[in-house]
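These notes concern the structure reproduced below.
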Amino acid sequence: MERFVENPDFLQDIFLEESWKNIDKIDGFIESKANLEEFEVTEEEVNSLYRTMHSIKGSAAMMGYPVISETAHAAEDLFSYLREEGSPAQKDLQQILQLLRMVSGFLKRELRRLETDDEVTDFGWAVVRRIKNFLAHVDSENEPEGPSYQIAYTRKGKQRIPYTNFEALIPQMERLAKVMGRELEKEFMVKVSGGDTEVPRDIYDKVSMAVLQMMKNSMDHGLEAKADREKMGKTPIGLISVEISKAGQKVFVAFRDDGRGLNRDQILQKATEKNMLKKTAEEYEDSEVFGFLLRPGFTTKSSATLFSGRGVGLDVVHAAVASLGGSIRIESREYMGTTFFMEFPVVDEMP
């Protein structure tokens with residue numbers, strides 16, 4: 001405790017030191033295979049590098065760097081694949097080596113940014129997506145499966161991930177609306193369309209978490225109290241709607257509320273206080289301004305409540321969507337409400 005008081009950054013110093021050591025191990029493995037036309041990966045190498053990625057993943061998550069953590073997690077899945085597949089094709093091994101170069105390059109760039117007190121970037125999500133694409137590709141080649149489940153490579157080995165729809169999310173949303181409505185003394189109505197859309201269970205879990213987090217944010221920040229809504233000529237009950245659809249290999253989710261909308265000036269003021277602006281305020285498009293809400297720890301709340309203002313909010317939504325290789329866009333009109341548009345792939349083809 002005394003060490004923390006004297007140097008509050010010592011945990012980050014430890015994280016950086018250990019991460020650089022782990023990256024050296026990754027680079028050592030890459031260099032040992034780089035000039036070989038054909039090579040094998042031993043069980044000892046697989047287990048060692050799996051532990052290395054697991055260490056980076058855990059420590060980054062503890063430090064609050066979700067992009068670094070998820071990138072290491074994706075790389076960890078590569079070694080889970082190697083554990084499961086006894087003799088991968090050489091072209092797949094070469095692809096894994098290339099992906100590991102991307103992981104190493106991203107990690108080194110992010111650690112250098114942390115050393116100079118710069119913000120970490122979102123570039124790791126592109127790496128995560130490429131790894132997911134690769135694993136989906138080799139699975140479709142090695143073991144084609146029916147539409148009822150998808151294959152994933154995890155620390156528990158090769159697993160079938162069942163498909164599920166979003167019907168179970170609806171009662172969760174209704175319960176949350178009831179609980180928060182009682183605490184906030186507001187009334188909410190929930191509407192969901194496309195609840196029968198089927199996706200792999202891991203995607204369902206992250207999308208559901210994102211939707212529930214957006215609900216908390218919307219009910220606490222965006223939707224007005226009954227009396228205020230009536231003064232504005234609105235219906236007394238705040239509306240939250242979710243539309244889920246699937247086209248080809250993409251899933252689309254639109255989350256809407258009919259609340260007060262986002263306050264551009266307030267968001268810009270908070271971003272200015274946090275030294276986030278890279279250009280003058282007037283040069284920012286609305287979509288860029290609203291994008292600040294997706295940054296870790298960003299909140300316009302002046303004090304914490306039971307449901308928000310503690311630095312955990314829409315950044316969690318962004319992390320969940322991005323970890324699926326997806327994207328999120330925010331639109332808002334003052335006094336009319338806010339909409340979050342999300343889309344992400346179920347399975348991509350290799351480029």
Side-chain angles (χ1 to χ4, degrees), residues 60-61 63-71 73-74 106 110 113-114 118-129 203 205-223 240 242 250-257 259-279 281 283-302 304-305 307-334 337-345:
M63 293 297 297
Y65 304 132
V67 186
I68 295 176
S69 179
E70 286 289 343
T71 304
H73 189 179
F106 164 73
E110 297 308 291
R113 293 177 71 87
L114 289 173
D118 205 348
E119 288 185 12
V120 295
T121 70
D122 289 341
F123 296 149
W125 297 125
V127 181
V128 171
R129 182 170 183 171
I203 292 179
D205 289 339
K206 289 193 175 182
V207 171
S208 296
M209 181 274 291
V211 167
L212 294 174
Q213 183 61 47
M214 285 187 290
M215 274 193 70
K216 292 179 183 178
N217 185 81
S218 179
M219 290 187 288
D220 199 13
H221 290 251
L223 288 164
I240 292 172
V242 177
K250 283 188 177 291
V251 172
F252 302 89
V253 180
F255 177 97
R256 295 184 174 89
D257 72 47
R260 61 173 56 89
L262 299 176
N263 187 317
R264 173 190 166 96
D265 292 338
Q266 189 179 32
I267 296 170
L268 275 173
Q269 180 181 346
K270 183 61 67 172
T272 301
E273 293 172 4
K274 289 178 171 286
N275 297 316
M276 289 181 168
L277 300 190
K278 304 298 182 183
K279 51 188 176 181
E283 293 179 279
Y284 277 88
E285 300 287 340
D286 285 350
S287 59
E288 295 178 290
V289 174
F290 300 153
F292 285 126
L293 296 171
L294 303 175
R295 300 285 189 91
F298 192 97
T299 179
T300 56
K301 279 278 190 177
S302 59
T305 70
F307 302 107
S308 63
R310 291 178 168 82
V312 178
L314 294 178
D315 59 310
V316 175
V317 174
H318 179 246
V321 174
S323 70
L324 296 170
S327 61
I328 183 168
R329 176 171 55 88
I330 306 173
E331 292 184 1
S332 185
R333 293 178 61 190
E334 193 171 7
T338 302
T339 304
F340 294 81
F341 296 98
M342 296 168 282
E343 66 174 79
F344 50 89

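Because the structure is a prediction, the values reported are computed rather than measured. Side chains are part of it too, since the values below use all heavy atoms of this structure and drop only hydrogens, waters and symmetry mates.
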* Asked: Given the rule in the side chain to side chain contact (heavy atoms under 4.5 Å, CB included) test, do F340 and V253 qualify, once you have shown the distances and angles that lead to the verdict?
  -> CA-CA 8 Å; F340 294 81; V253 180; over 6 Å; no
* Stepwise side chain to side chain contact (heavy atoms under 4.5 Å, CB included) test for T71 and V67 -> CA-CA 6 Å; T71 304; V67 186; 4.3 Å; yes
* When you look at K278 and E288, which way does the salt bridge (charged side-chain N to carboxylate O under 4.0 Å, His left out) test go after all the steps? -> CA-CA 11 Å; K278 304 298 182 183; E288 295 178 290; over 6 Å; no
* side chain to side chain contact (heavy atoms under 4.5 Å, CB included) between V317 and N217, worked out -> CA-CA 11 Å; V317 174; N217 185 81; over 6 Å; no
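Residues satisfying the salt bridge (Lys or Arg N to Asp or Glu O under 4.0 Å) test with E334, not counting sequence neighbours, are none. Remark: Y284 engages F292 in a ring-ring contact (aromatic ring centres under 6.0 Å, His included) (not counting sequence neighbours). Remark: S327 pairs with E343 by the side-chain contact (heavy atoms from CB on, under 4.5 Å) rule, at least two apart or across chains. Partners of S69 according to the side-chain hydrogen bond (donor to acceptor under 3.5 Å, both in side chains) rule, which considers only residues two or more places apart in sequence or in another chain, do not exist here. Partners of R260 according to the side-chain hydrogen bond (donor to acceptor under 3.5 Å, both in side chains) rule, which considers only residues two or more places apart in sequence or in another chain, do not exist here. For the salt bridge (Lys or Arg N to Asp or Glu O under 4.0 Å) test, residues two or more places apart in sequence or in another chain that qualify with R264 are D286. The side-chain contact (heavy atoms from CB on, under 4.5 Å) check on S332 picks up L262, F290, T338, with sequence neighbours excluded. By the side-chain hydrogen bond (donor to acceptor under 3.5 Å, both in side chains) test, E285 pairs with no residue at all, sequence neighbours left out. With sequence neighbours excluded, the residues that form a side-chain contact (heavy atoms from CB on, under 4.5 Å) with T339 are R256, F341. With sequence neighbours left out, the side-chain hydrogen bond (donor to acceptor under 3.5 Å, both in side chains) criterion links D205 to R201.
Nearest heavy atoms, I267 versus V289: CG2-O, 3.4 Å. Closest approach of F255 and V211 over heavy atoms only: CE1-O, 4.0 Å. Shown here for I203 and P345, the closest heavy-atom pair between the two residues is CD1-O, 4.1 Å.
Here salt bridge (charged side-chain N to carboxylate O under 4.0 Å, His left out) pairs that include residues 317-326, with residues two or more places apart or in two chains, number zero.
In this structure, S218 contributes its side chain and M214 its backbone to no donor-acceptor pair below 3.5 Å.
Note that CD1 of I330 is 10.0 Å distant from CE of M342, once rounded to the nearest 0.5 Å. Atom NE2 of H73 sits about 15.5 Å away from atom CD1 of I68, to the nearest 0.5 Å. Put simply, CD on Q269 and CG on L277 are 11.0 Å apart, with the number rounded to the nearest 0.5 Å. Rounding to the nearest 0.5 Å places CE of M215 at 9.0 Å from CG of L223.
No side-chain heavy atom of V207 sits less than 4.5 Å from a side-chain heavy atom of L212.
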